[in-house]
Amino acid sequence: MKYQVPMGMKDITQESKIYRKLEDNFFKILLQEDFTEIRTPILEDKSLFIRSVGESSDIVSKEMFETKDGLVLRPENTAPVMRAFVNDQNINTKLAYFAPQFRRERPQKGRYRQFYQYGFEIINESAPQSEISSLLLIKRIYEQWGLTKYEFQVNYLGDKQDRENYIKTLTDYLRGVESKLSKISQERLQSNVLRILDSKEGEDQDIIKQAPSILDSLSENSKNQWQNILKLAQLVGLNIVINPLLVRGLDYYTGMVFEVVDTSGQLGSQKALGGGGRYDSLSKELGGPDVSAFGFAGGVERLILALNITNLPLSETKIGLITTEESVLSSFISLKAQFPMVKVDINYNCAMGFKKMFKRADKIGCTKVLIVGTQELSAGVVKVKDMVSGVETTISGSIESINLSNI
Ligand code: AMP
């Protein structure tokens with residue numbers, strides 16, 4: 001019998017280099033910003049997610065993989081990170097992860113049952129500092145990955161009371177048009193009314209467009225906080241798009257929520273690259289101290305789709321060193337040892353001839369080739385061939401003086 005990989009999951013082999021590079025680059029920035037990597041268990045108590053993400057969310061109501069003893073494969077990493085903080089409040093309050101998550105979803109492009117998320121949580125830092133510094137941090141992370149076609153969509157959910165007021169206003173409005181709503185939204189009217197704003201059903205669209213805005217249900221205090229965030233965004237030149245319909249499906253959010261939305265068109269209907277927001281009541285909800293928190297998580301598979309692999313600035317330079325001169329071989333070997341971070345392939349072969357050595361270098365993916373033949377040796381130069389453009393240049397000086405990381 002031939003076993004198949006489970007539905008909505010995949011073996012990552014060819015792409016593993018990309019995952020590795022994305023993860024390394026992610027942590028390079030996060031560690032520089034004083035975050036600590038956190039690796040929580042893959043299994044957690046089911047009740048952790050019921051308590052945090054919420055009973056009526058899609059994740060909890062139908063997407064968790066459950067074991068016999070009440071554990072689930074984690075569907076997201078914010079609640080586990082907060083659980084870890086509540087368990088040990090001495091840990092760093094800036095925590096980051098790059099880890100697989102599991103949701104029993106109907107697989108489609110950009111939607112899988114096992115997917116990776118990169119994310120971070122900042123505990124005990126209040127608005128508007130976390131909001132704006134987090135968006136700037138995310139911008140920096142995407143910039144170094146080479147992603148430019150996206151926008152930040154933001155909304156403000158206020159505090160618990162604002163949210164309750166809004167749910168009431170929205171429910172009243174939707175009850176008035178209930179019979180025109182899609183079947184699924186009619187069901188959500190009973191269970192999770194905010195999720196109706198996320199509906200993609202055709203018959204719901206006009207109703208949603210005319211729905212009351214949450215921004216009108218905010219208390220004076222919340223309105224001020226929201227204005228402070230917007231002011232700071234403007235002062236630092238951060239472009240954001242206000243989307244009053246953005247509520248995100250999870251229960252724990254308060255204050256600002258946001259999504260990073262792809263604008264390249266590569267992602268089809270699954271356009272959200274990532275999302276997050278403030279969740280000030282989560283620590284307390286999980287039995288911890290009353291501390292504020294703000295977090296973000298993005299999906300790796302969607303990022304790879306958005307980057308459109310061929311555009312990835314991840315293609316490493318691999319340098320071929322080729323010579324027909326035995327005396328040059330030792331210089332090649334020392335040069336390779338001197339630059340351990342650069343990929344180098346040495347080819348010394350007096351019988352093969354340069355043409356064949358070029359062919360071989362091309363085949364194994366060398367992007368640049370340094371050539372030292374009899375002529376170069378006597379002239380004291382090194383020839384460099386760019387294998388992509390075919391352009392040849394000459395560098396004066398001996399092979400020993402070459403800085404491989406600048407080639
Ligand atoms: P969420 O907290 O559900 O908004 O998830 C944050 C990000 O994780 C999303 O914006 C996606 O990029 C990614 N994501 C969520 N669910 C999936 C999934 N089933 N497959 C792939 N990526 C996902």
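In what follows, every heavy atom counts, from backbone to side chain, and hydrogens, waters and symmetry copies are set aside. For ligands, and for the atoms within them, numbers begin at 1 and follow the listed sequence.
- Residue contact check for ligand 1: R248 places a non-hydrogen atom closer than 4.0 Å to it.
- Side chains of E400 and S398: a donor-acceptor N/O pair is present below 3.5 angstrom, by distance only.
- Looking at Q153 and E151, their side chains do bring a donor and an acceptor atom within 3.5 Å of each other.
- With a heavy-atom cut-off of 4.0 Å, L273 touches ligand 1 through its backbone alone.
- Judged by distance alone, the side chains of R74 and Q117 never bring a donor and an acceptor atom under 3.5 Å apart.
- Among all non-hydrogen protein atoms, the one lying nearest atom 13 (C) of ligand 1 is G299 CA, 3.6 Å.
- Heavy atoms of R302 approach ligand 1 to within less than 4.0 angstrom.
- Of all the atoms in ligand 1, the ones that sit under 4.0 Å from a non-hydrogen atom of G274 are 10 (O).
- Under a 4.0 Å criterion applied to the non-hydrogen atoms of A297, ligand 1 contributes the atoms 6 (C), 7 (C).
- Using a 4.5 Å heavy-atom cutoff, the side chains of Y97 and T78 are in contact.
- The shortest contact between atom 9 (C) of ligand 1 and any protein heavy atom is with A272 O, 3.9 Å.
- Defined by atom type and a distance below 3.5 Å, a donor-acceptor pair is present between the side-chain atoms of S182 and D204.
- Under the 4.0 angstrom criterion for non-hydrogen atoms, R103 is in contact with ligand 1.
- In this structure, K10 places its NZ atom where more than 12 heavy-atom neighbours from other residues, nucleotides or ligands lie under 6.0 Å away.
- Minimum interatomic distance between S134 and I122 (heavy atoms only, all atoms of both residues): OG-CD1, 3.5 Å.
- Between the choices Q114, K271, Q117, R104, the shortest heavy-atom distance to atom 5 (O) of ligand 1 belongs to Q117.
- Counting heavy atoms under 4.0 Å from ligand 1, residue F115 touches it through the side chain alone.
- Side-chain contact of D162 with S222: a donor-acceptor pair under 3.5 Å is present, judged by distance alone.
- Atoms of ligand 1 lying under 4.0 Å from any heavy atom of Y112, numbered from 1 in the order shown and given with element: 18 (C), 19 (N), 20 (N), 21 (C).
- In this structure, D345 pairs ionically with R360, as a charged nitrogen and a carboxylate oxygen lie closer than 4.0 Å.
- Proximity of E76 to ligand 1, defined as any heavy-atom pair under 4.0 Å, is not found for any part of the residue.
- Among all non-hydrogen protein atoms, the one lying nearest atom 21 (C) of ligand 1 is G110 O, 3.3 Å.
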